[in-house]
Amino acid sequence: MAAKGNLEHLLFYINGKKVEEKNVDPEIMLLFYLREKLRLTGTKYGCGGGGCGACTVMVSRYQVRTKSITHISANACLLPVCQLHGAAVTTVEGIGNTKTRIHPVQERIAKAHGSQCGFCTPGMVMSMYALLRNKPQPTLEDITEALGGNLCRCTGYRPIIDGYKTFCGAPDCCQINGKGKDCLNGDKSEEGLENGHPELFDKENLVPLDPTQELIFPPELIMMAEGGGQRTHTFTGERITWVSPVTLEELIKLKASHPQAPIVIGNTNIGLEIKFKGVLHPMIISPTRVTELYEVTQTPQGVSVGAGSSLSAVRVLMKELVQELPHQQTEVFRALLQQLNNLGGQQIRNVASLGGNIVSAYPNSDLNPVLAAGRCILRVISERGEREILLNKDFFVGFAKTTLKPDEVALSIFIPVSKQGEFVRAFRQAPRKENALATVTTGMRVKFFKGTSKVEDLSIYYGGMGPCTVEATKTCQEVIGRPWNEETMSHAYRLLLDEMVLSPSAPGGKVEFRRSLTLSFLFKFNLEMRKQLQEMDVTLDDIVGELSSAVSPLPRELQPSVQEFQEVSLGQPNKDPVGRPIMHRSAICHATGEAVYCDDIPKSLGELFLVVVTSTRAHARIIKIDFSEALKLPGVVDIVTAQDIPGMKVFTFMGLQEELLAEEEVTCVGQIVCAVAADSKQQAKRGAAAVKITYEDLADAVFTIEEALEKKSFFKPQRTLERGCVTEAFAKADHIHEGQVRLGGQEHFYMETQSCLVVPSGEEKEMKVYLSTQYPALAQESIAETLGIPSNRVSCHVKRVGGGFGGKAIKTATLACIAAVAAWKTGQAVRFVLERGDDMLITGGRHPVLGKYKVGFMSDGRIVAADMQYYANAGYTEDESLLIIEKILLNMDNAYNVPNLRGRSTACKTNLPSNTAFRGFGMPQSLLAIENMITDVAMVLGRTPEEIREINMYKGVSTTHYKQEFDPANLARCWEECKEKSDYQSRRTAIAQFNQGSRWKKRGVAIVPIKYGIGFSESFLNQAAALIHIYTDGSVLVSHAGIEMGQGIHTKMQQVVSRELGVPTSLVYITETSTTTIPNAPPSAGSFGTDANGMAVKDACETLRRRLEPIIQANPSGTWESWINKAYFERIGLSATGFYRGQDLYMDWERNEGQPYAYFTHGSCFCEVEVDCLTGDYRNIKTDIVFDIGRSINPSIDIGQIEGAFMQGMGLYTLEELQFSPSGVLYTRGPSQYKIPAVCDVPLSFNIYLLSGTKNPKAIYSSKGIGEPGVFLGSAVFFAIKDAVAAARQEAGLDAPFSLNSPATPERTCMACATPFMQMIPVSKPGSYQPWAIEL
């Protein structure tokens, strides 16, 4: 064995090129190595914890035993470089690029419009590529499974699936290598048409997949593996020594010598501890080459699986055993397989080991309850010899603790075959259907005496019900020996309720829900066993209907989808791209990894990395900041505090003032106090951890809206908007109803975290700033103020943004200011890229809102008066909160003409991170309240919400509550067409029939409309500029004020230039957005970017065209190039600026009137869901959206925006949940705790229809803004869930309006269903305990 400190030789391949390293630091992950050492920046940092898939690569290894090569997808952020000896790594750059050849995997996601911001695209490509290397003709299920570990915040996933299902290889499935019939999208009834409509992309001319053209596995690695002679590797870094033994004997000795050293195989546990919890292990043992840990031995009694086997390998093994063995013997195997299907993403399953999963002993483990219930045995080894440990309640002794001795190594797990009369089941409930840690999970096993229903043995284990896996011992003991019938099980439910007890303050919260799940799972197990007994002719229970509704899975098969858009007019020239579904201009570069984002910019000499130190207190006085220890650490260069700011110490924006760095007092956990500049990211992180801040806590911290109301903690002014006389109207109404709805916050979760790079030029105080922002002009102005220099010394550059959604406007400017101060102080370039957890902690998100309403209505459904009150949780500074509460009031009518309407809105000042702009800007919160009010009215009157909506919808030319006139004709058309396309009436009837015959599964349906105003009521924001150069070769360079962040604005501008100048899009290049070319530009926000910048670009093109007109007229048969060449020699200017001065929009809050919008975008959304009342889980079965977007400039981009916004809205209203501790600490700081929609959440049938025959004279080419409105349509899922819950409650005798707050998580949905099991759970009295998390 190599001695500590020896230089070790590491050999592996990356993209076919040999890599040799000496003594790699064990803390260096492959992601860092690829990006920093090899400059392969296509592999992205998204979360650092293996939860988003942005860093996916393929790892290939030669298996000596089978003489085969395995290919797996893996997360580079968790893969230590020192573990790669003998491996071949393939990154997105290695499979294709624009200079050589585009791989079919890259081409298809691009051409199918599956890339918007593009940041997640390389990860998607590599997950799919790894699948195709293993299975060149996959099924649709294979594809969705492969993509299950990848997140996308932009697209809504549908186009990604559509692009990749063209690889499906079944005889009648999809496109085979780009040719054939697409069974999932219907037969083509006409040439170039799909379902009789034009296609978004051409499936006929795709590059075929040719497996023979892939990179071969390096022969050197095969020879190295076959040659044997492997030896122990020891790698020593700054803090950690990594030892990789070859033999089991060496492993045992190592563990005996270093009993506290953890064993690492997949690094999915220890890696996270080191990275996120600061745990330091001086030595790590990685036995990935010890063959005994991977052996599989099958006997008649069962199968022994090596502890090092990956979860993916175990899953494959379980599938094989289920197929090979008699059904009766496979009970445990099938239960394990069921859990493995949902455990983590594919990348995690490919590396995480079975033994590691067991000995980690996490409280909500999916596998441990099944292994324990199934009487599985863990075989361990040490210098004292081998021993076998039964996996049971005695093995799991506490949080992450087992009875395993420190020097023992898990060798294998024996999984027995099941016996006659023995049955095993597994159940789980998680915040998201797949790739999410379980809330509660269970394994249950029962054995009946032969030929009877009498219980011989029973084991029930739960995860998520304590600090470790727990057994329902008393319940099992009471049931054993009794007949399995309703009397016995009713007794068992009561026993279980007393046995599975959680403190109301238990970690993880959701106490009532978790306790109810234990009962629900036992009930499901009861029904399944009664069915088994019935099939065995032991009992004659008639439970077929009840069984099917309780234990049948929710639907999951993807159905055909439709994207219907308006064709261009017959007279439009073929060369005119406007109105055509043009691929995103950067899609190919996204897919190849060549697209450059802020953190992809190469490092400059002497560049420093910045990490901020944030407050750990919600409200406290700063007594002392001690950074003496930090400055002693290697690599730490300097510390930046408020004292170092040469100019203004506060950030200013439209009257807002916010401290850049806290100086005397902190007012939230996460407020930035100082920053550490160091030579590397890791050194800066260690420096930040070494900074010690002494606080003196201050009283009266405010976190919730209720606390703010009690203490009158508000930002001024509070707004009121009213028309008619609400008080008089209430007196005349037939009915009065009061209610409220609460909407939680939402994290932006842009895939690219906040990033900036500040480079001082060294001359005349000039600063070049490269950043990921929606508002470069604000960053420029703010940096100049902070440094005390003129704005003309600061240039801000934005190539592209990896998702923004409003979160990269104000917040990015403040962060850039801090980085600029660091660059100013040190005189060196400073890179500042937030880690995901810090980004979520610091930057805030969508405002949580409490909406209260009082409504007066007539018996015929007419609403005559409504009084709305909105309270937004703003956080510790104003940010854009006052603008947002204004938008809340402007949007509060949605699509309804309420003659007497009053709204009041308040921004509550709390000690939480400041919330900010988010896609929709107050509209999603505002509209939820009025739609919830309408649902309540419908319940009171015994009618459907859709009837009430129709009765009260705007009709004919109308005036809003702020006195702006508009025509709702297209609103009505969207509504009617949505009803028609969705077959609403028949679906309502079918759902009623379904619910009547289904006790535990209920379906619900909803249609919601939207009226969304486009434009800024602050008129100065309604402007844009453009600069266009034509070069003598005829190529065109365009710079405009818009930021490309996935919404396709650059592509649309390319189309505008192509039409206006009459040149092909291939001649038009869109350069970066820069304050040096376009000064004083407003933010790219409000769905207004194309409207404003399109007109500015058009204006510049018209100027150039006028100049060229004499040249063209003189030589009409000439070419574009000849005209430009002639113009140059004629000294005609080939550069022009364009400008757009938008409408004079305004809102007068004193007079309660104005014209804050240029026009309205309309839409309607139908959703049908199925809800499991016992668990709260749901499935979005069908979504149909009809949208009026005028005449689309690019249907593929606009449809993608609608789908992505809908999915983001669905996340807001049903899934995404921010959780704070009672002391104001954000718990949900990454994808493992905060769940955004994934592939598993895509509606099974997802159809988009763009309203035909519409025009909009107030925007370019009669188009309409589309980026934001679709978010609210996600609420249709919320109201469909509420409709299903209402059906469940009705069956329980509860007919009155009820509260269901947003998001409608499984917890809230299950509790609202009021099942008998939920009603059994005792409710703790509020105020008698401190909850684990506060409700905002």
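Positions are given from 1, in the same order as the sequence printed here.
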ask   = With no hydrogens and no angle check, do the side chains of Thr1254 and Asn970 hold a donor and an acceptor under 3.5 Å apart?
value = no
Heavy atoms of other groups near Lys1255 NZ, more than 12 under 6.0 Å = no
task = Decide yes or no for Gln563 and Asn1247: does some side-chain heavy atom of the first lie under 4.5 Å from some side-chain heavy atom of the second?
result = no
message = Under a 3.5 Å cutoff, is there a donor and acceptor pairing between the side chains of Thr916 and Asp879?
response = yes
Between Glu785 and Thr652, a side-chain donor and acceptor under 3.5 Å = yes
query = Charged N to carboxylate O below 4.0 Å: is that the case for Lys1052 and Asp1198?
reply = yes
ask   = Donor-acceptor pair, Glu880 side chain versus Ile884 backbone, under 3.5 Å?
value = no
key: Check: Tyr954 ring centroid to Phe966 ring centroid under 6.0 Å   = yes
message = Quick one, Asn1022 with Phe1088, criterion side chain to side chain contact (heavy atoms under 4.5 Å, CB included). Give me CA distance, side-chain angles, the key distance, then yes/no.
response = CA-CA 8 Å; Asn1022 297 315; Phe1088 196 62; 3.5 Å; yes
request  = Would you please say whether a donor-acceptor pair under 3.5 Å links the side chains of Glu965 and Thr959?
outcome  = no
key: Side-chain heavy-atom pair Tyr1146, Pro1156 within 4.5 angstrom cut-off   = no
key: Worked verdict on Ser772 versus Glu752 for side-chain hydrogen bond (donor to acceptor under 3.5 Å, both in side chains)   = CA-CA 8 Å; Ser772 178; Glu752 176 200 31; 2.6 Å; yes
ask   = Are His584 and His113 an aromatic pair by the rule of ring centers under 6.0 Å?
value = no
key: His797 and Tyr770 aromatic ring geometry - parallel, tilted or perpendicular at 30°/60° bounds   = parallel
key: Whether Gln774 side chain and Gly806 backbone form a donor-acceptor pair below 3.5 Å   = yes
request  = Could you tell me whether the side chain of Ile1070 reaches within less than 4.5 Å of the side chain of Arg585, counting heavy atoms only?
outcome  = yes
key: Closest heavy-atom pair and its distance - Gly114, Thr155   = O-CG2, 3.6 Å
key: Nearest heavy-atom neighbours spanning Pro924 and Val1271   = CG-CG1, 3.9 Å
Lys1264 with Asp1188: basic N within carboxylate O range, under 4.0 Å = yes
More than 12 heavy atoms from other groups under 6.0 Å of CZ on Arg1141 = no
inquiry  = Hydrogens and angles aside, do Tyr896 and Glu931 bring a side-chain donor and acceptor to less than 3.5 Å of each other?
reply    = yes
message = Whether the side chain of Ser755 engages the backbone of Thr753 through a donor-acceptor N/O pair (distance < 3.5 Å, no angle test) should be reported.
response = yes
key: Sub-4.5 Å side-chain heavy-atom contact between Leu927 and Ser1275   = no
query = What is the distance from atom CD of Gln754 to atom CG of Leu771, rounded to the nearest 0.5 Å?
reply = 9.0 Å
query = Are side-chain heavy atoms of Val801 and Thr773 found at a separation under 4.5 Å?
reply = no
key: Considering all heavy atoms, the nearest Ser1039-Thr1077 contact   = OG-OG1, 2.9 Å
Ser1058 side chain vs Gln1054 backbone, donor-acceptor pair below 3.5 Å = no
query = Thinking salt bridges, do Glu1072 and Lys799 make one under a 4.0 Å N-O criterion?
reply = no
ask   = Does the side chain of Cys1165 reach to within under 4.5 Å of the side chain of Thr1183, using non-hydrogen atoms?
value = yes
inquiry  = To the closest 0.5 Å, what do you measure between CD1 (Ile1202) and CD1 (Ile1197)?
reply    = 12.5 Å
ask   = What is the ring orientation for Phe651 with Phe653, classed by angle as parallel under 30°, tilted 30 to 60°, or perpendicular over 60°?
value = parallel
request  = Could you walk me through whether Met868 and Tyr870 pass the side chain to side chain contact (heavy atoms under 4.5 Å, CB included) test, one step at a time?
outcome  = CA-CA 7 Å; Met868 318 288 292; Tyr870 301 92; 3.3 Å; yes
inquiry  = Regarding Asp1091 and Lys1258, does a basic nitrogen lie under 4.0 Å from an acidic carboxylate oxygen?
reply    = no
task = Examine distances only and state if a side-chain atom of His847 and a backbone atom of Ser914 form a donor-acceptor pair shorter than 3.5 Å.
result = no
ask   = Among Tyr1213, Phe1246, Phe1272, which one satisfies ring-ring contact (aromatic ring centres under 6.0 Å, His included) with Phe1206?
value = Phe1246
key: Result of checking Lys808, Met1045, Arg153 against Tyr750 for side chain to side chain contact (heavy atoms under 4.5 Å, CB included)   = Lys808
task = Establish, from distance only, whether the side-chain atoms of His1040 and His1050 form a donor-acceptor pair under 3.5 Å.
result = yes
task = Given side chain to side chain contact (heavy atoms under 4.5 Å, CB included), test Met1095 with Thr1090 step by step and report yes or no.
result = CA-CA 8 Å; Met1095 294 299 284; Thr1090 296; over 6 Å; no
ask   = Quick one: do the Ser791 and Gln780 side chains pair a donor with an acceptor below 3.5 Å?
value = no
task = Kindly indicate whether the side chain of Glu722, heavy atoms from C-beta on, has any atom under 4.5 Å from the side chain of Leu901.
result = no
query = How many angstroms lie between CD1 in Ile1193 and CD1 in Ile582, if you round to the nearest 0.5 Å?
reply = 12.0 Å
message = For a quick check under 3.5 Å, do Asn1256 and Tyr1261 share a side-chain donor-acceptor pair by atom type?
response = no
Thr906 versus Gln718, side-chain donor and acceptor atoms under 3.5 Å = yes
Side chains of Glu1268 and Tyr1012, donor plus acceptor under 3.5 Å = yes
Polar contact flag, side-chain donor to acceptor under 3.5 angstrom, Thr121-His590 = no
ask   = Is the shortest heavy-atom distance from the side chain of Pro1009 to the side chain of Asn894 under 4.5 Å?
value = yes
ask   = Is a side-chain donor-acceptor pair under 3.5 Å present for Gln116 with Gln1201?
value = yes
key: Ring-ring centroid check Phe918 Phe921, cutoff 6.0 Å   = no
message = How about CG on Asp1148, more than 12 heavy atoms from neighbouring residues, nucleotides or ligands closer than 6.0 Å, or not?
response = yes
task = Supply the atom-to-atom distance Gln746 CD to Glu1216 CD, rounded to the nearest 0.5 angstrom.
result = 4.5 Å
inquiry  = Do Thr843 and His748 pair up side chain to side chain, a donor and an acceptor below 3.5 Å, judged on atom types alone?
reply    = no
Derivation and outcome, side chain to side chain contact (heavy atoms under 4.5 Å, CB included), residues Tyr962 and Arg1151 = CA-CA 9 Å; Tyr962 44 86; Arg1151 300 174 59 185; over 6 Å; no
